Amino acid sequence: MPFGNTHNEMKLKYASAKEYPDLSKHNNHMAKIITPAIYELLRKRQTPSGFTLDDVIQTGIDNPGHPFIMTVGCVAGDEETYEVFKELLDPVIQDRHGGYKPTDKHKTDLDPAHLKGGDDLDPNYVLSSRVRTGRSVRGFCLPPHCSRGERRAVETLSIEALDTLSGDLKGTYYALKNMSDAEQQQLIDDHFLFDKPVSPLLLASGMARDWPDGRGIWHNVNKTFLVWVNEEDHLRVISMQQGGNMKEVFNRFCTGLTKIEKLFKERKHEFMWNEHLGYVLTCPSNLGTGLRAGVHVKLPNVSKNAKFEEILKKLRLQKRGTGGVDTAAVGGTFDISNADRLGFSEVELVQMVVDGVKLLVEMEKKLEKGQPIDAMIPAQK
Amino acid sequence: MAKNCHNDYKMKFSGDEEFPDLSLHNNHMAKVLTKDIYNKLRGKSTPSGFTVDDIIQTGVDNPGHPFIMTVGCVAGDEESYEVFKDLLDPIISDRHSGYKPTDKHRTDLNFENLKGGDDLDPAYVLSSRVRTGRSIKGFTLPPHNSRGERRTIEKLSIEALATLSGEFKGKYYPLNGMTDKEQDQLINDHFLFDKPVSTLLTCAGMARDWPDARGIWHNDAKTFLVWVNEEDHLRVISMQQGGNMKEVFKRFCTGLLKIEETFKKHNHGFMWNEHLGYVLTCPSNLGTGLRGGVHVKLPKLSTHAKFGEILTRLRLQKRGTGGVDTASVGGVFDISNADRLGSSEVDQVQMVVDGVKLMVAMEKKLEKSESIDDMIPAQK
């Protein structure tokens, strides 16, 4: 890894204070939590694959803050990172995930039958629905740290697993480096193609190395189930469609994901998971379910209401622009999704989106008619 | 010997499984690297832990550049050039006109050995500049160094520069903590270097921890400038308006030697050896690390069919006036020496002085619609 942290022992000859980063202009979770004492304790350690404290925090040093969101400022390089550097990562996790304690247990529930409703969000307002998550393949280092050999092995395993899918999940893999111009254009038109990361959050942690080697996109014939290989996580799994039938989206999501997981297990490379952190992913913000379920929804009136932020907070939802995490909203159409990842199951999070969006659309309709929504403000979930 | 756990861990994959895909690549590293070389070197590490993947990462991530043939590899420390010689010697030979592993490099910073150079026509030669880099022994290089190392380099540099006097007396401006006023002034002077955006540099890890321990020092007259911790530990620049390259080179040599003296006193001399000369981060800058150049108006000569050939024969290269990654604007070119290794500082500046003098004479001929065919030089 060319980011200067392969010589940890040599660095120890400098006093901790000499190596401690300057975080005076910084605003991210890592900068809030780290102290000279924590740094001094953890700087001597490394994971079995050689990931060090400086590797964990480099992205947070190089990216002092983000205009729209409170960034995490640290990444994991392998499964063991969360254990070896727990004195830093436990408080970061706690700060990021609503007070989640080192002793807490996380519940996984990928049974779509447990979701109530969700098939009747008004398509005049709800333009599209989407659920995504990430998965890490046990036995390999994560994108900030993995070698070309590891990345290619993850790709090979992924292609094998995805090739066995059938029925409405049957699809094709498009390796980024072999893509024809026609394939590339089609994927861009479908809004499926992920490009080489330009976000400095990702670049500073080494996730763009060797691009586009070992990266690719798989999708089914209907273009409703999509898998990204070797972008920010080993796998990103996405189920999406136009309109408001979140139930159908979630059903497909759970079915496909469970099938894929079975195949990886059969090849002795199950997904990284433990009962405290749930699914283990590259960014601490995605631990637990790694799930972001959301809709693009027209809320021009509600979004201008003084209580919009408060309503979202009470519903445990967050807003983004329709271009994704780094963008602003356009024309009153928002991306509304669950704010939580850890400490709630997949079903619980999608339920919050379904119930919350249903309420927001009703509020929008009231405001259209010039009626107040004060009586509809929910209690804190 | 620092333990490089991840490199050991990677060894469980075969050389073939780890070998980079260079099928779309056009840089020196991609031309030279073979599976055999990779297999031989992948198990090695310098004492500070730099590995072959660290060396080549920038070349893997940057397949090619529209204007220039890039090197595609960097050193992480002085020992890189020895430990990875099976890869770096052929690259050095390819880049530096056949320079052999057994060749010796000559250093000559005696400005009195330069003949002429004080009379380049200022109606054509707008400005003159000489730059080089220096690495400080005992520290790893910008792709690899830690914050502690970088800060120590900064501290030593400030001490060394603070001892300069007379025309060299000046001030250090750390990037971290610069006032808006200072920043505007440095931008207006064209002195300020910004956080690297070139992926050639960012992929090699040189922008880590920006702007920690980076800064700019310059003398009161703004003719002698030092960059601290950008692509090299130090970049030293002497420059002024007009064509008096002799004066620029004199100031360059004098200042550089004074700085070197102070570093030596602290037992941190510059990295140098008799084969590679001054050891720098990029293999293209080995030897003298020197680029001596002018901004010169050559609107007619530059559109002449033999312009490229003339430059090659004079051992000069052209760039746009914005620097290495830019194109020329309005017939004004940055003309500088092409060589770095295998000829001395005096040799290289002499080539610039003599070559630019000739090209200005050619430009004047072409202005009068006269032929320049009998002026085309022999290959230097």
Side-chain angles (χ1 to χ4, degrees), chain A residues 1-25 43 46-52 54-55 57-59 61-64 77-78 140-141 145-153 156 177 196 198 200 203-204 206 208-214, chain B residues 1-21 23-24 45-51 53-58 60-61 74 76-77 140-152 176-177 195 199 202-213:
Chain A
M1 178 83 197
F3 282 45
N5 297 307
T6 50
H7 64 329
N8 210 43
E9 281 168 37
M10 198 188 108
K11 281 190 281 187
L12 292 176
K13 70 179 190 190
Y14 286 83
S16 188
K18 281 214 128 76
E19 288 290 347
Y20 192 73
D22 179 350
L23 301 171
S24 49
K25 297 194 182 67
R43 67 190 292 244
Q46 34 193 0
T47 66
S49 79
F51 208 63
T52 65
D54 281 340
D55 293 327
I57 67 177
Q58 190 67 52
T59 182
I61 298 169
D62 290 344
N63 296 286
D78 51 27
F140 298 100
C141 295
H145 193 46
C146 65
S147 70
R148 285 179 293 274
E150 293 185 278
R151 210 184 288 114
R152 291 163 179 172
T156 301
K177 68 178 181 178
K196 181 168 180 179
V198 292
L203 296 176
R209 287 171 301 123
D210 313 310
W211 202 274
D213 197 315
Chain B
M1 174 102 181
K3 180 116 185 74
N4 192 333
C5 297
H6 196 220
N7 205 45
D8 292 345
Y9 177 89
K10 279 191 278 186
M11 296 303 288
K12 69 183 189 183
F13 288 85
S14 72
D16 276 3
E17 284 167 332
E18 288 290 346
F19 192 75
D21 180 347
S23 49
L24 297 169
S45 231
T46 65
S48 79
F50 210 63
T51 64
D53 280 339
D54 293 329
I55 299 255
I56 67 174
Q57 191 68 54
T58 183
V60 174
D61 290 344
V74 291
D77 49 27
T140 62
L141 298 173
H144 194 44
N145 59 15
S146 71
R147 285 178 294 277
E149 292 186 277
R150 213 184 286 116
R151 290 163 179 172
T152 308
N176 204 6
K195 180 169 179 177
T199 54
T202 55
C203 290
M206 294 194 230
R208 287 171 302 124
D209 312 310
W210 203 272
D212 197 314

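For clarity, every value in this text was computed on a predicted model and none was experimentally measured. Protein chains get the first letters and strands the later ones, always in sequence-line order, with residue 1 at the start of each.
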Problem - Closest non-hydrogen atom pair between A/Phe140 and B/Tyr9, with its separation - result: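 In terms of heavy atoms, the two residues are closest at CA-OH, 4.2 Å.
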Problem - Over all atoms of both residues, closest heavy-atom pair of A/Asp210 and B/Val60 - result: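 Looking at all heavy atoms of both residues, the shortest contact is OD1-CG1, 3.4 Å.
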Problem - Ion pair B/Asp21/A/Arg148, N-O distance below 4.0 Å - result: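 Looking at B/Asp21 and A/Arg148, the cut-off is not met.
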From [X] [atom1] over to [Y] [atom2], what is the distance, rounded to the nearest 0.5 angstrom?
| X | Y | atom1 | atom2 | result |
| --- | --- | --- | --- | --- |
| A/Lys13 | B/Glu149 | NZ | CD | 6.5 Å |
| B/Lys12 | A/Glu150 | NZ | CD | 6.5 Å |
| B/Ser146 | A/Glu19 | OG | CD | 3.5 Å |
| A/Arg209 | B/Asp53 | CZ | CG | 9.0 Å |

Exercise for the section: Specify which of B/Asp16, B/Thr152, B/Asp212 makes the most heavy-atom pairs with chain A at under 4.5 Å. Expected result: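 Max contact count across the listed options: B/Thr152.
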Practice task
Measure from the side-chain N and O atoms of B/Arg151 to the backbone N and O of A/Lys18, and report whether any donor-acceptor pair falls under 3.5 Å.
Solution key: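 Checked: pair present.
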Handout entry: Reference residue A/Ser147; test side chain to side chain donor-acceptor pair (under 3.5 Å); the match among B/Glu18, B/Glu17, B/Lys10
Key =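 Single pass found, and it is B/Glu18.
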Exercise for the section: Assess whether salt bridge (Lys or Arg N to Asp or Glu O under 4.0 Å) is satisfied between B/Arg147 and A/Asp54, documenting all intermediate values. Expected result: CA-CA 10 Å; B/Arg147 285 178 294 277; A/Asp54 281 340; 2.7 Å; yes
Handout entry: Test side chain to side chain contact (heavy atoms under 4.5 Å, CB included) applied to A/Lys25 and B/Asn176, step by step
Key = CA-CA 10 Å; A/Lys25 297 194 182 67; B/Asn176 204 6; 3.0 Å; yes
Problem - Heavy-atom proximity to chain B below 4.5 Å, by part of A/Ala153 - result: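 Interface part for A/Ala153: side chain.
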Exercise for the section: Against chain A, label B/Ile56 side chain, backbone, both or neither, depending on which of its atoms sit under 4.5 Å from a heavy atom there. Expected result: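 The answer is the side chain of B/Ile56.
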